[in-house]
Trainee: 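Below: one structure in structure tokens.
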Amino acid sequence: MNPQQEYELGAAAFKAGNAAQGAQHLRNAAFAGHAEAQNQLARVYFAQVKSRTDLADLEAAAQSGDHVALFVLAMCFLDGKLLPKDTDKALAALKHAAALGNVMAEAMLSAPQPQ
């Protein structure tokens, strides 16, 4: 199945109320480089981070090479969500996510910096 089909199946599954199946399809599309799937999966991950346990799960996924989890972890460092704000750690996580193919991290790293 191609990434666009995976993305569409994921979106349909979420719409039908099947979050687990939707997340799996989004994950498949995201890891195949589908930018919108990466974006949607990041939103799902970020919304699920509500406790220290959720944060530990996110960190474990990031350490295992999940580039979407790395991106979300970077956002947690930038926002101070369940962790102290730390732009250095956020930047390191963004760079690692981009190196693994995360297009959102790549875009953030290539955005013009404010003067």
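As a basis for the values below, the full set of heavy atoms in this structure was taken, side chains included, without hydrogen atoms, waters or symmetry mates.
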Trainee: Which value, rounded to the nearest 0.5 Å, describes the distance between Leu41 atom CG and His25 atom NE2?
Mentor: 13.0 Å

Trainee: I'd like to know whether NZ of Lys81 has more than 12 heavy-atom contacts from other residues, nucleotides or ligands below 6.0 angstrom.
Mentor: yes

Trainee: Measuring from Gln4:CD to Glu36:CD, what's the distance to the nearest 0.5 Å?
Mentor: 9.5 Å

Trainee: Got a second to check how far His67's NE2 is from Leu100's CG, nearest 0.5 Å?
Mentor: 7.0 Å

Trainee: Can you see which heavy atom on Asn39 is nearest to which on Met104, and at what distance?
Mentor: CA-SD, 3.2 Å

Trainee: Does the side chain of Lys95 come within less than 4.5 Å of Leu70's, by heavy atoms?
Mentor: no

Trainee: If you define the side chain from C-beta out and look only at heavy atoms, does anything of Phe77 sit under 4.5 Å from Thr87?
Mentor: no

Trainee: Drop me the distance from Asp57's CG to Thr53's OG1, to the nearest 0.5 angstrom.
Mentor: 7.0 Å

Trainee: What pair of heavy atoms forms the shortest contact from Ala37 to Ala30, and how long is it?
Mentor: CB-N, 3.7 Å

Trainee: Indicate the atoms forming the closest heavy-atom contact of Leu55 with Leu83, along with that distance.
Mentor: CD2-CD2, 3.2 Å

Trainee: What's the separation between atom OH in Tyr45 and atom CD in Gln38, rounded to the nearest 0.5 Å?
Mentor: 10.5 Å

Trainee: Can you name the nearest heavy-atom pair linking Ala29 to Pro3, along with the distance?
Mentor: CB-O, 3.4 Å

Trainee: Taking the side chain as C-beta and beyond, is there a heavy-atom pair between Phe31 and Asp66 under 4.5 Å?
Mentor: yes

Trainee: Nearest 0.5 Å, what's the CE-CG distance between Met1 and Asn28?
Mentor: 8.0 Å

Trainee: With a 4.5 Å cut-off on side-chain heavy-atom distances among I, L, V, M, F, W and Y, is there a chain of contacts connecting Leu91 to Met75?
Mentor: yes

Trainee: Does the side chain of Glu106 reach to within under 4.5 Å of the side chain of Phe71, using non-hydrogen atoms?
Mentor: no

Trainee: With heavy-atom distances below 4.5 Å as the criterion, would you say the side chains of Gln40 and Tyr7 are in contact?
Mentor: yes

Trainee: Are Leu109 and Val72 in one and the same hydrophobic cluster, where Ile, Leu, Val, Met, Phe, Trp and Tyr link if side-chain heavy atoms are under 4.5 Å apart?
Mentor: yes

Trainee: With a 4.5 Å limit on heavy-atom distance, are the side chains of Met108 and Leu78 in contact?
Mentor: yes

Trainee: Donor-acceptor check, side chain of Arg52 to backbone of Leu82, threshold 3.5 angstrom: yes or no?
Mentor: yes

Trainee: Can you see which heavy atom on Ala105 is nearest to which on Ala97, and at what distance?
Mentor: CB-CB, 3.8 Å

